[in-house]
Amino acid sequence: MRHFAIVGSGPAGFYTAEALEKAFGGAARIDLLDRYPVPYGLIRFGVAPDHQSLKAVSKRYDKVAESDGVDFIGNVTVGRDLSIAELLDLYDAVILATGAPHDRKLGVPGEDLPGVVGSAEFVGWYNGHPEFADLDPPFGGSHAVVVGNGNVALDCARILSKTRHEFEGSDIVGHALDALDTSAIRTITILGRRGPHQIAMTPKELGELGHLEEAVPVVDAADFPPVEADDALDPGLRKSVTLLRGFADLRQDKAKHMVFDFFAKPLRVEGDGRVERVIVERTELDDKGGARGTGETYQVPASLVITAIGYSTSPIPDVPFESGKFVNQRGRISDRLYAVGWARRGPSGTIGTNRPDGYEVADLIAAAMPAGSGGEREGATGLKRLLETRGMMPTDYDDWRKIEETEIARARPGSPREKFVRHEDWLRTLGR
Ligand code: NAP
C-alpha cells in the first residue's frame, strides 16, 4: 500500500487525489490535508458568491472525499504544525496543492495606506475567509478604484456595484452583504495598464456587467484600435473586446458607474493618513505590447483601492520557492515532493485547468514508483500519532458534514448557506 499526502484541499488537491486513486487503483491511501476544518479552498474562499454554478463542482469533490482510498484531515497547517521532512518520513510522496492565497504587491508608494486592500483580502472578506473577517473595507466615500484587468478585478467591481436584491441566491456572508448595502460608492474606476486588446477578462464575466440593476459600464471608444484589428485576436478575447465595444455604445445611465480606464498605470497612492486618490500615468503600447509611460499624469479620487493584479503562493520552510511559486520541473520539486495547481504554475487558468495538471503529476508519481516497490511508510496512522503528541485536533470529512449542515440550517432565505467566518465557530460546531 502506498501512502500519499496532498497538502491543500482546493481544486488542485481534489483533482490530484482523484488522479492518484485512478493511477494506483486500490493500492493507495490518499490523505488530503487542509489548515482549515472545511474543504474546497478556492471554491469556498475565492469563487464569487454570486457564481453558484461554478461552486457546484464541489459535489464532484465530495465523491472523491467519500471514496474508500481518500481521507480528509483538516485543521492541520503544514510548515507550522509539522514539517515537510516529517511528512516525507510518513508518506511515499507529498504533493503541495496550497494554491496562491497572497496578493502580489503593486510596488508603488502609498500602497500601504489604510483603505488600500488586495483582492485576496477583499474576496476573502466577502467569502467568509477567517483571516479577513475583520477587514472592514471603507465604503463611506463615493469613489473606488480597482487595479487590474483580469477576472478578479471584474469580480471585485461587480460585487461593489450589486444591490442587495442581486445577491439573492448567493452565499455572500452576512457581514459583507450588510456593509455593501450601506455603501456610498457610486463610481468604480477599473485601471488597466494596457488597452482593450490586452485584457485578461473572459466574455461571460464581462457580459454580466451589461445587466446590472444599478450599475452601468463606461468605456471610451477612443481607446480601441480600428475594429478590423479585432480579427487577429483569438476567439475568446475577440468576444470580450466586442462586448467592450458594445459598452462604449451604451446610451443608458444608472446610479453607479464602472469606468474602464485603459492605458492607465498607477504611479502612487496618496492621502492624509488614508487613501484619497491614485496618481496615474497615461501609457501607450511599446513594440513588444508592454505598457510604456507617456509622462502625462492625472489623479483618480478613491477612498477604497483594491489591487487585483495576481497572487502568490505561501512559502513553506525547506521547500525551494521563487517568483511566487514552488520551484519545480513539470510538477516535481525534489525526490517524492511535488506541486500542483497554482502552487506549481502560478495563478492562471480556470478551475478545470487543475484537472490535467493533477493527472500529469499523478502519472509522474506512478512512473517513479513502480508496482511492488516501497510500502514501508505509515501514512495517516503515523500522522495522527504525531499530531496527538503535539496536542493538535485534526478533523475529518464527517466533521465537515456537520459544519456544512449547520451552515445550511442557518442560511438566510434563498441562500444556500451562511458560512461561519471564524475558526473557533467551526470548532464550536463540532463541540470542541
Ligand atoms: P490575471 O488574469 O493574471 O490578471 C491580472 C491583471 O493585473 C492583468 O490585467 C495585469 O495586466 C494586471 N497587472 C499585473 N500587475 C500589474 C501592475 N503592477 N499594475 C497594474 N496592473 C497589473 O489575474 P486575476 O484576475 O487575479 O485572475 C487569476 C486567475 O483566476 C486567472 O486565470 C483568471 O481568469 C481566473 N479567474 C477566473 C474567474 C472566472 O472564470 N469566473 C474568476 C476569477 C478569476 P498585464 O496584462 O498588463 O500584466
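Position 1 is the first residue of the sequence, and the numbers go up from there. Ligands are counted one by one from 1 in listed order, and the atoms in each one are counted from 1 as well. As the structure is a prediction and not an experimental result, all values here were calculated from the model.
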field: Residue pairs passing the ring-ring contact (aromatic ring centres under 6.0 Å, His included) test where at least one lies in residues 313-337, sequence neighbours excluded
entry: Phe321-Phe326
message: Can you list everything that forms a side-chain hydrogen bond (donor to acceptor under 3.5 Å, both in side chains) with Asp253? Sequence neighbours excluded, please.
response: His257
- prompt: Between Asp425 and Arg428, is there a side-chain N and carboxylate O pair less than 4.0 Å apart?
  reply: yes
Ligand 1 N/O to protein N/O, distances under 3.5 Å:
residue	atom	partner	partner atom	Å
ligand 1	9 (O)	Asn149	N	3.0
ligand 1	15 (N)	Arg193	NH2	3.4
ligand 1	25 (O)	Asn151	N	3.3
ligand 1	25 (O)	Val152	N	3.1
ligand 1	32 (O)	Gly349	N	2.8
ligand 1	32 (O)	Gly349	O	3.2
ligand 1	34 (O)	Asn151	ND2	3.1
ligand 1	41 (N)	Glu205	OE2	2.8
ligand 1	46 (O)	Arg194	NH2	2.8
ligand 1	47 (O)	Arg193	NE	2.9
ligand 1	47 (O)	Arg194	NE	2.9
ligand 1	48 (O)	Arg193	NH2	2.7

query: About how many Å separate CD1 of Ile306 and CG of Asp155, when rounded to the nearest 0.5 Å?
result: 11.0 Å
- request: For Asp136 and His175, test the side chains for any donor-to-acceptor distance below 3.5 angstrom and give the result as yes or no.
  value: no
- request: State which residues pass side-chain hydrogen bond (donor to acceptor under 3.5 Å, both in side chains) with Asp399; sequence neighbours excluded, sorted by chain then number.
  value: Arg432
